[in-house]
Amino acid sequence: MPMAGNLLRLSLSTQPKLCFGNDAKLKVDRFDLLKRRCHRRFHFRPQSIPGLVLYNSLETRLKPEESSKLKDSSVLLDVNGMMCGGCVSRVKSVISSDERVESAVVNLLTETAAIKLKKEVMESDTVESVAESIAQRVSECGFTAKRRVSGLGIGENVRKWKEMSKKKDELLVKSRNRVAFAWTLVALCCGAHVSHFLHSLGIHIGHGSFLEILHNSYIKGGLALTALLGPGRDLLVDGLMAFKKGSPNMNSLVGFGSIAAFIISAVSLLDPGLEWDASFFDEPVMLLGFVLLGRSLEERARIRASSDMNELLSLISTQSRLMITSSDTDSSVDSVLCSDAICIEVPSDDIRVGDSVLVLPGETIPVDGKVFAGRSVVDESMLTGESLPVFKEKDLTVSAGTINWDGPLRIEATSTGSNSTISKIIRMVEDAQGQEAPVQRLADAIAGPFVYSIMTLSAATFAFWYYAGSHIFPDVLLNDIAGPYGDPLLLSLKLAVDVLVVSCPCALGLATPTAILVGTSLGARQGLLIRGADVLERLANVDHVAFDKTGTLTEGKPTVSSVASFTYDESEILQAAAAVERTATHPIAKAIVNKAELLTLTLPETRGQLVEPGFGTLAEVNGRLVAVGKLQWVSERFKIKASPSDLMNLEHAVTHRSSSASNYSKTVVYVGREGEGVIGAIGISDCLRFDAESTVSRLQQKGIKTILISGDREEAVATIAKTVGIEREFVNASVTPQQKSRVISTLQTAGHHIAMVGDGINDAPSLALADVGIALQTEAQETAASDAASIILLGNRLSQVVDALDLAQATMSKVYQNLSWAIAYNIVAIPIAAGVLLPQFDIAMTPSFSGGLMALSSIFVVTNSLLLRLHGSEKSRKSNPAKISQMPAGPS
């Protein structure tokens, strides 16, 4: 992400090097000096980034007006009427031909078009007008397009989802009735042949008057006309209209084939002198029956493919129980219900940050928040993929969409509506499903001219067999397809129709989107938030995985294990360090502050805190600058330098006072003060994640190289690397954020595909640079790491890295299987339909058989994608025992 990638390139003015001595009289603002000194540590060329504001701790935010402009530069259209890859190509070409469009992605399965507008358009036209204009152009080409309004509230989104589900159910019912009608006509049309078939089996049934009527050619013609104007009417009209507007689709091919078959039969009936076989009336009836049956089964499979997304949407609670208490009530009371409290049912959109919400057992938590009172267990499996419920009590966070099981909870809302975790997940999954994988471009390149090519090939087939083939291979006229009298015109027409109806652009159009839809939805259910189809393709090709140490391989919950100083008490060192780190977000900073709070130390006021990611923190404490961080960085802040022997003794004292076990990471943080230099050191211990060793081992078993990149001292990094099993040659210690990026770049230059796993602001540049950035998310908070990452591990478990890799490989395997089938099917089926096997093997298809094959091809692609869901269920059975049986009894 550009913003994350530029975190280290903020434009701070550069000045000559400055040091601070005992009697230094600063005549300039010392915070300006701090900024200048920090900036020199980075080697990027200074540049300004429009729309960025510098906050404390180097937090970067977009200005509101810039944020809205960036947000509004993209448009989402709902496009109905797309039937195959050719339709997708047509819609994309219409949109891309607009000079105001920078890029466009069209998704057949979700029936959406994502459009990115050029920046200069935003200055002259409104997004609404541009979107309406593009939607109108698409509609004029035979599709129905309208802009989807984003930023709706929870209630409106859920209402639209329910309306869409209801509409799909109604379409399924209509489709089922149409199929029933069509196959009734097929049964009647073929009924006359049933008695002949039974006779051949030795089952003799008398020819009654009803069967005699069905033998009548005029009755067959009436049945065929009924099929065309009844169940096949919508299909034919759509195909003809699409052809008229210059965007022929699958329906066009089926429509032309059915109409051609009917016309041939009608001409043979009305002009007996041609001596054609009038029983050809069976073909359009059977063709439409097979096509409509296949379309119905395909639609059911497509709805099943999107059912995971529907389950995510169903997690959203549209109603909340707002709890209002009297102003006189003591807010510190820990009871869930106060005697004077009033609970009101309100729409979840009306809840504001800071409101109190009551959630009873069995209810879905409607907002993100913090538990204010109550104790319970919460099922978070739908967000994190973790099957066991999680215990919650006061001050612990909860997320919207999770289910409260045990006891009532009073929750203080921290984010609501479209800003809740579940809403963001749904938006990101929708965005991911709206993107296309690079491999899809192959299918798009084929599908675009596919329909025109098939129509041309059909005409060529007719011309060849009528003018040359039947003369070169006269024996082909003995085949049943040429009629009882071996008519070359009938043979040529039937083979031409076969070519039209056997081809299947639908399979090409559905090959990638169906697998991506199932894969991203399945990932969301497993706690893997994947930002796009291209991410899955890149992750499947990864051969190196790089890990950060603190907060990634370790739990990210460090504690202070020892304090040492030359002349000061431990409490004084902790007090100065905690004052500097009070507003910093790094886990080590939190550990120092927590230790100071545990010892009830009074922290002095600070001014101008400035964080240099990967190095340390500076601030003014009681009128003097204090630095906390790495030894070299702290030493360079001040003029007075401690002797190397003193520093070695200080480090020795800190490390030997710590009695942490071997599975702990030990980090030393130094404290320096203006006029004194380094005055002490703090030992930090962080426990290794329980799944770190197994995750590294599983990756190595897959043949993937594992790398450790950390800014911590070499001894601490080497200990962790040895514990988890990372080879010494792949360990990089004491590196700066830009050096981390350099390691990634070097591997990429060598032709490797890298995934970077991290969790902090200092990892953001590397996450953005890697082929795939993977961020662990803690307490449902957005960080610079999660903003820069391609995949977010919502479960905050390192083992999910392997889960994501397995899912990516399984999804791309389905994509390649689908594309291989779709391409191979057309390569094999179209020549056979054109009669390539007819001269030597006397094998030819009938139009109805060709239509059946075409329908089965699309069904295969969608069903094969659905098999990807077995990947998730199999994984769940292997790794997670039954949820109910392992559910904890809860707090007593």
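If you read the sequence from its start, that first residue is 1, and numbering goes on from there. Remember, it's a predicted structure, so these values are computed and weren't measured experimentally. Heavy-atom basis, side chains included; hydrogens, waters and symmetry copies ignored.
- A search for side chain to side chain donor-acceptor pair (under 3.5 Å) contacts involving Gln748 returns Asp771, not counting sequence neighbours.
- The shortest heavy-atom contact between Gly773 and Ala789 is O-CB, 3.4 Å.
- The CZ atom of Phe690 sits 9.0 Å away from the CD atom of Glu555 when rounded to the nearest 0.5 Å.
- Between Val735 and Lys740, the closest heavy-atom pair is CG2-CG, 3.7 Å.
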Notebook entry, point to check: Given the rule in the side-chain contact (heavy atoms from CB on, under 4.5 Å) test, do Lys392 and Ile411 qualify, once you have shown the distances and angles that lead to the verdict?
Noted result: CA-CA 11 Å; Lys392 299 292 183 181; Ile411 297 169; over 6 Å; no
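- Between His544 and Phe730, the ring planes are perpendicular. Angles over 60° get that label, and only those under 30° would be called parallel.
- Across every non-hydrogen atom of Asp548 and Ser710, the tightest pair is OD1-CA, 4.3 Å.
- A pairwise comparison of heavy atoms in Ile754 and Val542 identifies C-CG2, 4.3 Å as the closest pair.
- For Glu714, the CD atom counts as loosely surrounded, since its 6.0 Å shell holds 12 or fewer non-hydrogen atoms of other residues, nucleotides or ligands.
- Side-chain contact between Glu363 and Ile403: absent, with no pair of heavy atoms (C-beta onward) separated by less than 4.5 Å.
- Contact between Gly551 and Asp686 at its shortest, heavy atoms only, is N-OD2, 4.1 Å.
- In this structure, the separation between CG on Asn818 and OG on Ser865 is 4.0 Å, given to the nearest 0.5 Å.
- Enclosure of atom NZ in Lys702 by more than 12 non-hydrogen atoms of other residues, nucleotides or ligands within 6.0 angstrom is indicated.
- When side chains are defined from C-beta on, Ile791 counts as touching Leu793, because their heavy atoms get closer than 4.5 Å.
- Taking CG of Leu794 as the start and CD of Gln800 as the end, the distance is 7.5 Å to the nearest 0.5 Å.
- With hydrogens and angles ignored, the 3.5 Å screen pairs a side-chain donor or acceptor of Asn404 with a backbone N or O of Val359.
- Closest approach of Phe547 to Thr552, counting heavy atoms only: CD2-CG2, 4.1 Å.
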